[in-house]
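These notes are about the structure you will find just below.
From a predicted model like this one, the values you see are computed outputs, not experimental measurements. Indexing begins at 1, ligand by ligand and atom by atom, following the structure's order.
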Amino acid sequence: MSLLALQTELADELETIRASGRWRELRAAQSPPTVTFVREDRTWLNFSSNDYLGLATHPRLIAAAQTATAAWGVGATASRLICGTLTLHSALETALVDFKVGGQPGYRALLFNSGYHANLALLATLAGAGDVIFSDALNHASLIDGCRLSRATVVVYRHNDVDDLRAKLAEHPRARRKLIVTEAVFSMDGDVAPLDELLALAEAFGAWVVLDEAHATGVLGPHGRGLAATVASADHPLITMGTLSKALGSFGAFVVAPEVVIELLTNRARPFIFTTALPPAPVAAALEAVCLLQESDQLVRMLRANIVEMATALGLPPTWPTPIFPVVLGSEQAVMYAMQTLQDAGFYVVGIRPPTVPPGASRLRLTVTAAHTEAQIGAVAKAIRAICRPPA
Ligand SMILES: *Cc1c(COP(=O)(O)O)cnc(C)c1O
């Protein structure tokens, strides 16, 4: 096939994307994307990062990555099951069990190369044909892809709707295995799963809960231990995953679960087995991040203060639970216009469009971090209120 033929063949598909207002392209930052950063030779005030605690450029994490690189090199050289497991990986896994479940006996952790890998691995390993996965309607694409890869029957329940979930669980009494799968903090809506009620339903229907703590780790719970750390029920086994790449500032991900789950993942999970182990630098940096959070909850408290600040400035209740603020505008075009207006004023706020969110639910998604100042939060909130105010 000639290049021309290839271009002709793909042109229609690309034109459809452009026409739908869903076109995406990459633009490179010229400095680290912290609260202020440079791109296209302009300085931006950033409200789009998941670096909730500002750890991605923290001196202690940088030093840990440098020390680990000097001692261990830049690559892990092979998969975990060949010769890629280093004492650094084991140390981080132990620290994560301490951090997430207080070192509860019987629990272990396993690292993955990303949250995306971890979710594919978890769902495809724990569920198969004959099983039923009950999945929240707003679950992240990695959970949806994990459901597909598992070949289990997938039943989608209405977002955070416990009654709908109960009714759907009742419709599948004969399923071999039942998994309830949810995000702890929903990445595009910033709301929180009703974990207590989900656990009670799991108990009643003999199901397991798989909890994605990507945006809850480092954010919710004492010292940022996550949503699972805030529920009383210690009886029900919890299978949680989280990423090292958001509030923990590094890269990679983990599952913390009862030992049998970890053993099964180690033996069966293709996204774990058939990929090179995480390199030393991000592992050491993540370990430093966990140590830092165990030592002090100062950054988590600063983040909470800024969440209250942003919620108040946007006219939301000060009890808003997370650093994610959706401003739903509806159409792709409305969002692109609002985003452009904000960007012209130097605010880096991204628009989120389908397929990331359902059609008609396009939105601005703002995030606030521990590193923002009161003045910065006030300025963006004022600009947003000006755009969103209905015409008089
Ligand atoms: C970001 C995210 C992931 C993927 O994590 P990565 O480490 O970035 O691959 C998984 N689940 C949710 C809810 C996320 O927001």
Exercise. Nearest protein heavy atom to atom 2 (C) of ligand 1, by residue and atom, and its distance?
Worked result: Lys246 NZ, 2.4 Å
Exercise. What pairs with Val154 under side-chain contact (heavy atoms from CB on, under 4.5 Å), at least two apart in sequence or on another chain?
Worked result: Ser135, Cys147, Val156
Exercise. Is it the case that more than 12 heavy atoms not belonging to Arg151 sit under 6.0 Å from its CZ atom?
Worked result: no
Problem set entry | Sub-4.0 Å heavy-atom contact, His117 with ligand 1 | no
Seminar exercise, completed: If you scan protein heavy atoms around atom 8 (O) of ligand 1, the nearest is Ser245 OG, 3.7 Å
For this session: Give me the ring orientation class for Phe112 and Phe272: parallel if the planes are under 30° apart, tilted from 30 to 60°, perpendicular past 60°.
Result: perpendicular
For this session: Can you pull out the closest protein heavy atom to atom 11 (N) of ligand 1? Residue, atom name and distance to 0.1 Å, please.
Result: Asp212 OD2, 2.6 Å
Exercise. In terms of atom number and element, which parts of ligand 1 are under 4.0 angstrom from non-hydrogen atoms of Ser187?
Worked result: 15 (O)
For this session: Would you mind telling me if ligand 1 is within reach of the side chain of Asn119, the backbone, both or neither, using heavy atoms under 4.0 Å?
Result: side chain
Exercise. Within the structure, does Gly115 bring an N/O atom to less than 3.5 angstrom of an N/O atom in ligand 1?
Worked result: yes
For this session: Please assess Glu93 against Ser90 for the test side-chain hydrogen bond (donor to acceptor under 3.5 Å, both in side chains), listing each intermediate value before the final yes or no.
Result: CA-CA 5 Å; Glu93 284 166 346; Ser90 313; 4.9 Å; no
Problem set entry | Phe205 ring center near His172 ring center (under 6.0 Å) | no
For this session: Considering the heavy atoms of Glu183, write down every atom of ligand 1 situated less than 4.0 Å from one of them.
Result: 13 (C)
For this session: Enumerate the atoms of ligand 1 whose separation from the nearest heavy atom of Ala214 is less than 4.0 angstrom.
Result: 2 (C), 11 (N), 12 (C), 13 (C), 14 (C), 15 (O)
Problem set entry | Least distance between heavy atoms, Ala64 atom then Ala284 atom | O-CB, 3.6 Å
Exercise. Same hydrophobic cluster for Ile180 and Leu126, using side-chain heavy-atom links shorter than 4.5 Å among ILVMFWY?
Worked result: no
For this session: Considering heavy atoms of the protein only, find what lies nearest to atom 10 (C) of ligand 1 and give residue, atom and distance to 0.1 Å.
Result: Ser142 OG, 3.4 Å
